[in-house]
> 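Below is one structure. I have some questions about it.
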Amino acid sequence: MNYWLMKSEPDVFGIDHLASRSGQTEHWDGVRNYQARNMLRDQMRLGDQVFFYHSNCKVPGIVGIAEIVRAGYPDHTAWNPDSKYYDPKSTAEKPIWYMVDVRLVRKLKRTISLEELKQRPELAEMPLVRRGNRLSVMPVSPQEWEAILALE
DNA sequence: GCCAACGTTGGC
DNA sequence: GCCAACGTTGGC
């Protein structure tokens with residue numbers, strides 16, 4: 001099993017949106033970065049665990065845990081001209097972009113803030129805390145996963 | 001709202 | 001293939 005961290009803006013799609021979805025499950029669409037795409041498409045497996053991270057908000061940080069319930073498949077929002085994620089270069093025959101389905105496992109008891117994560121020496125290698133990082137999907141090592149959960 | 005950092009685009 | 005211009009991300 002792998003561990004991941006996925007960023008989302010709470011104003012757009014936050015942990016409470018996921019919680020209110022049918023089956024507390026939703027597709028993770030709109031990833032339009034090749035490095036992140038490769039992870040969605042090639043590496044995420046059923047049952048992988050995900051930290052749900054809120055970005056671009058008052059207190060950025062990890063707010064919950066989700067689980068991959070469907071491995072990578074083509075992101076159909078790329079084919080919809082009305083979608084803000086529309087990409088005419090992607091077709092059903094040759095999809096460029098991929099998504100996964102995630103189900104909420106639980107919300108954390110509290111937000112583990114980015115500020116707090118930055119203070120932990122054992123988390124210093126995470127792309128998340130490194131300057132200028134913009135990856136919206138990133139791997140988390142088992143050690144980092146445990147260290148973060150211990151902060152809760 | 002600002003702006004640094006980064007990825008992508010496109011002219012050459 | 002280089003690289004300047006541009007758009008986006010996301011912390012602050």
Side-chain angles (χ1 to χ4, degrees), chain A residues 2-21 26-44 48-68 71-102 104-141 143-152:
Chain A
N2 300 312
Y3 297 104
W4 305 94
L5 181 144
M6 298 171 85
K7 295 179 185 173
S8 191
E9 301 187 22
D11 291 345
V12 179
F13 186 79
I15 191 91
D16 289 326
H17 293 102
L18 182 60
S20 68
R21 289 297 191 272
E26 186 57 283
H27 1 94
W28 200 278
D29 59 18
V31 171
R32 295 292 179 269
N33 167 284
Y34 286 101
Q35 208 181 336
R37 186 281 308 270
N38 292 345
M39 290 186 269
L40 293 177
R41 187 188 59 186
D42 306 331
Q43 294 181 256
M44 283 192 170
D48 283 1
Q49 302 290 112
V50 178
F51 279 134
F52 195 115
Y53 178 90
H54 279 174
S55 67
N56 221 341
C57 56
K58 199 159 186 183
V59 183
I62 296 169
V63 294
I65 296 172
E67 181 177 355
I68 304 297
Y73 62 105
D75 181 343
H76 52 70
T77 63
W79 308 330
N80 176 6
D82 296 326
S83 169
K84 70 170 189 165
Y85 300 124
Y86 179 57
D87 182 352
K89 295 192 295 297
S90 182
T91 64
E93 294 71 34
K94 285 205 165 210
I96 296 176
W97 305 113
Y98 283 73
M99 60 186 176
V100 295
D101 288 357
V102 300
L104 181 66
V105 173
R106 66 182 178 89
K107 290 170 70 170
L108 296 189
K109 293 183 234 128
R110 65 182 190 87
T111 299
I112 301 174
S113 68
L114 176 62
E115 186 185 16
E116 200 174 343
L117 296 170
K118 280 181 167 172
Q119 288 169 4
R120 312 299 309 180
E122 64 271 36
L123 302 177
E125 297 305 312
M126 291 186 76
L128 184 72
V129 302
R130 306 196 80 108
R131 227 164 81 95
N133 169 68
R134 289 165 47 182
L135 259 190
S136 64
V137 176
M138 69 187 75
V140 175
S141 77
Q143 293 78 15
E144 289 162 349
W145 182 271
E146 289 306 322
I148 291 167
L149 275 186
L151 297 174
E152 185 186 9

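Quantities reported herein were computed from a predicted structural model and do not represent experimental measurements. Chain A is the first sequence line, chain B the second, and so forth, proteins listed ahead of strands; every chain is numbered from 1.
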> Sequence neighbours left out, what pairs pass side-chain hydrogen bond (donor to acceptor under 3.5 Å, both in side chains) with at least one residue falling in residues 55-66 of chain A?
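The answer is A/Glu9-A/Asn56.
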> Check every nucleotide of DNA chain C for an atom under 4.0 Å from a heavy-atom of chain A, then give the first and the last such nucleotide from 5' to 3'.
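Counting from the 5' end, contacts occupy C/dG7 to C/dC12.
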> Would you kindly compare A/Gly132 and A/Asn56 by the position of their nearest DNA chain B nucleotide and give the one closer to the 5′ end?
A/Asn56
> Under 4.0 Å, counting only non-hydrogen atoms across every strand here, what does A/Lys58 touch: a base, just sugar-phosphate, or nothing?
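It contacts nothing in the nucleic acid.
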> Quick check on contacts: within residues 78-94 of chain A, what sits under 4.0 Å from DNA chain C by heavy-atom distance?
none
> Check side chain to side chain contact (heavy atoms under 4.5 Å, CB included) between A/Pro74 and all other residues, then give those that pass, not counting sequence neighbours.
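In terms of side chain to side chain contact (heavy atoms under 4.5 Å, CB included), with neighbours along the sequence ignored, A/Pro74 is linked to A/Trp79, A/Pro95, A/Tyr98.
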> What residues form a side chain to side chain contact (heavy atoms under 4.5 Å, CB included) with A/Lys94, not counting sequence neighbours?
A/Thr91
> A/Lys118: which residues meet the salt bridge (Lys or Arg N to Asp or Glu O under 4.0 Å) condition with it, sequence neighbours left out?
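Checked A/Lys118 against salt bridge (Lys or Arg N to Asp or Glu O under 4.0 Å); zero matches.
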> Applying side chain to side chain contact (heavy atoms under 4.5 Å, CB included), name anything that partners A/Glu144, two or more places apart in sequence or on another chain.
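Expected list: A/Leu123, A/Glu125, A/Met126, A/Val140, A/Ser141.
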> So, using salt bridge (Lys or Arg N to Asp or Glu O under 4.0 Å) as the criterion, who are the partners of A/Glu122 when residues are at least two apart?
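Once residues adjacent in sequence are excluded, the partners of A/Glu122 under the salt bridge (Lys or Arg N to Asp or Glu O under 4.0 Å) criterion are A/Arg120.
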> Quick one: do A/Arg37 and A/Asp75 make a salt bridge, cutoff under 4.0 Å?
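Between A/Asp75 and A/Arg37 there is no salt bridge, as every charged N stays at least 4.0 Å from the carboxylate O atoms.
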> Excluding sequence neighbours, so at least two apart, what forms side chain to side chain contact (heavy atoms under 4.5 Å, CB included) with A/Arg106?
A/Ile65, A/Leu108, A/Leu149, A/Glu152
